Protein chains: 2
Amino acid sequence: MPTIYDVAAACGVAPSTVSRAFSRPGRVNAETAARIRQVAEEMGYRANPLARALPTGKTSLLALVVSDVTNPFYFEIIRGAELAATEADYTLLVADVHESATVERKALERALPLVEGVVLGTSRMSDSAIRVMAQQRPTVVLNRVLTGIPSVITDNARGARRAVEHLASLEHRTIGYLAGPEASWADGMRWRAMREAAEMLDLRVQRFGPFAPTLAGGAEAVPLVVASNVTAVVAYNDLVAIGLMRGLAAADVRVPRDVSVVGFDNIFGAEICSPALTTVAAPLTALGKYAVQTLLAGMSSRTPPQTRPALLPAELIIRDSTARRARRRRS
Amino acid sequence: MPTIYDVAAACGVAPSTVSRAFSRPGRVNAETAARIRQVAEEMGYRANPLARALPTGKTSLLALVVSDVTNPFYFEIIRGAELAATEADYTLLVADVHESATVERKALERALPLVEGVVLGTSRMSDSAIRVMAQQRPTVVLNRVLTGIPSVITDNARGARRAVEHLASLEHRTIGYLAGPEASWADGMRWRAMREAAEMLDLRVQRFGPFAPTLAGGAEAVPLVVASNVTAVVAYNDLVAIGLMRGLAAADVRVPRDVSVVGFDNIFGAEICSPALTTVAAPLTALGKYAVQTLLAGMSSRTPPQTRPALLPAELIIRDSTARRARRRRS
DNA sequence: CAAGTCATGGCAACCGCTTGTCGTCCCGGG
DNA sequence: CCCGGGACGACAAGCGGTTGCCATGACTTG
């Protein structure tokens, strides 16, 4: 690999001039710069990002920490984040932390010195731990609000409201909520919004759980739902909703005839499961994209970043898992 | 951030001694080393990976290039690769190339100087392009064989055979194959193995396509399948299979009663779709893990790496999308 | 007791690029 | 004709480690 020294020698100029020819347009005579660029091109010169990063700290690397890469929830988020990063000439480092705060800490420790900024997707760390690390590198959190730290969230309240309204319009009067992990910020939001919306519409709501945010978690809820008198249930997320539906099918309860089911997030899978899942779609790609853009904006400006959470709209997607309430079938 | 210079000053030794205390155990007196380590610990010293990488080239970074991060096929692969990388104290850089050879080239160009090695998952680049880049960095390819370059593949032949045998045991006599992209190495393998297995069992096979390896691709195949006289079809991958099933359902053709469907890969989604998909399961996590391990092995040994492709076993998972042949219903 | 060996620590060069500072040359104005 | 100032390039000092080589002193060995 040729270096600026090689290029400089070939052009008969000093290395610093070559450096400036690339990074400081105008600082060097236009003709000289053009000549240097051409020679560099011919020699196949590429700046060594490591060497560049050492004195400047500009690695052009951003970290995206996700709690579990195999969770379909993240696919689109990663895609969106990548898009935004690439657009700004950054490379995204995706770190998977396997749902463990310990692994998350380790991964961050490893990645932190390398990256210029961090997006925390559904972090499992404590607020204070996040604050500590936000001091080391610009940070944006996803799906969580943390005063003083920029965050990007979906409008869960609105989504939950839409879901409840939809169910109400189908004449459901008592609906269940399958709660997610206690530590989940989104869970709290969703549940609260549901309760409020239900109250407004004079519906009854009942909370089950908490359950693991997985297919298995949803399956666990089956007996509780069956034993209750809810005619519709809203699940913490799509995975739980799908798990529930599969369990229900196994228990010979029909969706949506016997019970309607609504999920959250609209992950890959919500559409192909059967019946296709009615769900509150989170703007996943936009979430990832916007998080990175927010991060980059915060990095470039000298002023402290905007810390009011950015609220991205959620939308109810009506598919086949919800229907008009029928007489409840008891098993 | 304290540097080795700070630590050295605090200990009253030379910076080089501090460096060696960490990286060259035994080279420095045990007591001195212990003291240095302790002081470093107290000061919160962490080696700057950039500075370390500059002279040594050891970035502890590996790249995994995937054609599309939102494709569920990769989730487990990424997970496996990450696992193996972390285990060896490497960090994985996942690059998404959006199914484009151009983007792939750009991404590689950007990442190459940063990483010590590359795993190419389902590359869209030409053989020669891959060979060129394999000269710059140790490379392992996934799902593709390239003489002279280490590769890790699933035993498609065996999987296809199992699928055909299964279908034969259900008394299907003529089966269809929904082809994937022409450029796909796996597609060729799967089709060939199917043909051979079919011949052995005295079945008739018919090839449709090529189709895009997506849900939409599978949907496209519906009219062809309906118009043909096959009673079972094997799809290039699960996405295509699921797309087909959904299209078939819309066309009022019942799976598996009217036609049996088999997929490939066993991605997330194969289990939750309806009917649950019978599929040839690729050892996805193992694939990613093994690829990284192979890469690391090749990097550390002085001898040229093993280039005979590693064949990981595929297994047929029988679910609900295949059944005994019935009289074929014509629409 | 002289000479050779080994363990240990220090010196300094180097990885490739950035950037503050300085020298030189040229130009115009007083 | 001299001087101030701008444009341009070169010099050199880092960034934070790694590592080859040397100096020193202690210990072994004949």
Side-chain angles (χ1 to χ4, degrees), chain A residues 1-37 39-41 43-61 89 109-116 136-137, chain B residues 1-41 43-61 89 109-110 112-116 136-137:
Chain A
M1 279 269 98
T3 71
I4 47 170
Y5 292 90
D6 302 324
V7 176
C11 287
V13 298
S16 52
T17 304
V18 176
S19 171
R20 282 195 258 259
F22 287 106
S23 52
R24 201 75 23 130
R27 176 63 175 77
V28 54
N29 184 294
E31 289 172 36
T32 318
R35 186 162 47 92
I36 292 176
R37 284 219 193 75
V39 171
E41 168 80 19
M43 300 177 69
Y45 165 77
R46 337 232 56 143
N48 178 333
L50 253 57
R52 195 208 300 280
L54 188 48
T56 60
K58 223 195 136 338
T59 58
S60 293
L61 245 37
D89 255 303
E109 202 161 287
R110 169 195 291 299
L112 219 50
L114 241 39
V115 303
E116 293 179 49
Q136 313 212 19
R137 287 285 184 283
Chain B
M1 280 269 98
T3 71
I4 47 169
Y5 293 89
D6 302 325
V7 176
C11 288
V13 299
S16 52
T17 305
V18 176
S19 171
R20 282 195 264 257
F22 287 106
S23 52
R24 200 76 22 132
R27 177 62 176 76
V28 55
N29 183 295
E31 289 172 38
T32 318
R35 185 162 47 91
I36 291 177
R37 284 220 192 75
Q38 199 200 321
V39 172
E41 167 81 18
M43 299 177 69
Y45 165 77
R46 337 232 55 143
N48 178 332
L50 252 57
R52 195 206 304 278
L54 187 49
T56 60
K58 223 195 136 338
T59 58
S60 293
L61 247 35
D89 255 302
E109 202 161 288
R110 170 195 290 300
L112 219 52
L114 241 39
V115 304
E116 291 179 50
Q136 313 212 17
R137 288 285 185 282

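Naming convention: chains lettered A, B, ... in sequence-line order (proteins, then strands); numbering from 1 in each chain. Computed from a prediction, not measured in an experiment: that's the story for all the values here.
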What closest approach, in Å, do A/Thr59 and A/Glu116 show between heavy atoms, and which atom pair accounts for it? N-OE2, 3.0 Å
Whenever both distances are under 3.5 Å in a Watson-Crick or G-U wobble pair, mark it; put DNA chain D into dot-bracket that way, with [ ] for crossing pairs and | when the partner is on another strand. ||||||||||||||||||||||||||||||
Using a cut-off of less than 4.0 Å, is there contact between a side-chain N or O of B/Thr17 and OP1 or OP2 of C/dG10? yes
Nearest heavy atoms of A/Val28 and A/Ala21, plus distance in Å: CG1-CA, 3.6 Å
With a cut-off of 3.5 Å and sequence neighbours excluded, list every side-chain donor-acceptor pair involving residues 45-52 of chain A.
residue: A/Arg46; atom: NH1; partner: B/Glu109; partner atom: OE2; Å: 3.4
residue: A/Asn48; atom: OD1; partner: A/Leu50; partner atom: N; Å: 2.7
residue: A/Asn48; atom: OD1; partner: A/Ala51; partner atom: N; Å: 3.3

Which pair of heavy atoms, one from A/Arg35 and one from A/Val13, lies closest together, and at what distance? NH2-CG1, 4.3 Å
Ranking B/Thr32 and B/Pro55 by the position along DNA chain C of their nearest nucleotide, the one closer to 5' is B/Thr32
Ordered by number, residues from residues 45-52 of chain B within less than 4.0 Å of DNA chain D (heavy atoms) are B/Tyr45, B/Arg46, B/Ala47, B/Asn48, B/Ala51, B/Arg52
Interface residues of residues 4-16 of chain A with DNA chain D (non-hydrogen, below 4.0 angstrom): A/Gly12, A/Val13, A/Ala14, A/Ser16
With a 3.5 Å cut-off and sequence neighbours excluded, list the donor-acceptor pairs that the side chains of residues 3-10 of chain B form with protein atoms.
residue: B/Thr3; atom: OG1; partner: B/Tyr5; partner atom: N; Å: 3.0
residue: B/Thr3; atom: OG1; partner: B/Asp6; partner atom: N; Å: 3.4
residue: B/Asp6; atom: OD2; partner: B/Thr3; partner atom: N; Å: 2.8

Would you kindly give the CG-to-C1' distance between B/Leu114 and C/dG16, to the nearest whole Å? 14 Å
Return the value, rounded to whole Å, for the distance between atom CG of B/Asn29 and atom P of D/dA26. 14 Å
Whole-Å distance separating the CD atom of A/Glu31 from the P atom of D/dA7: 16 Å
Can you tell me the distance, in whole Å, between the CG atom of B/Leu54 and the C1' atom of C/dC17? 8 Å
Working to the nearest 0.5 angstrom, can you tell me the gap between B/Ile36 CD1 and B/Arg20 CZ? 10.5 Å
What distance separates A/Arg27 CZ from A/Ser19 OG, expressed to the nearest 0.5 Å? 11.0 Å
Interface residues of residues 19-28 of chain A with DNA chain C (non-hydrogen, below 4.0 angstrom): A/Ser19, A/Arg20, A/Arg24, A/Arg27
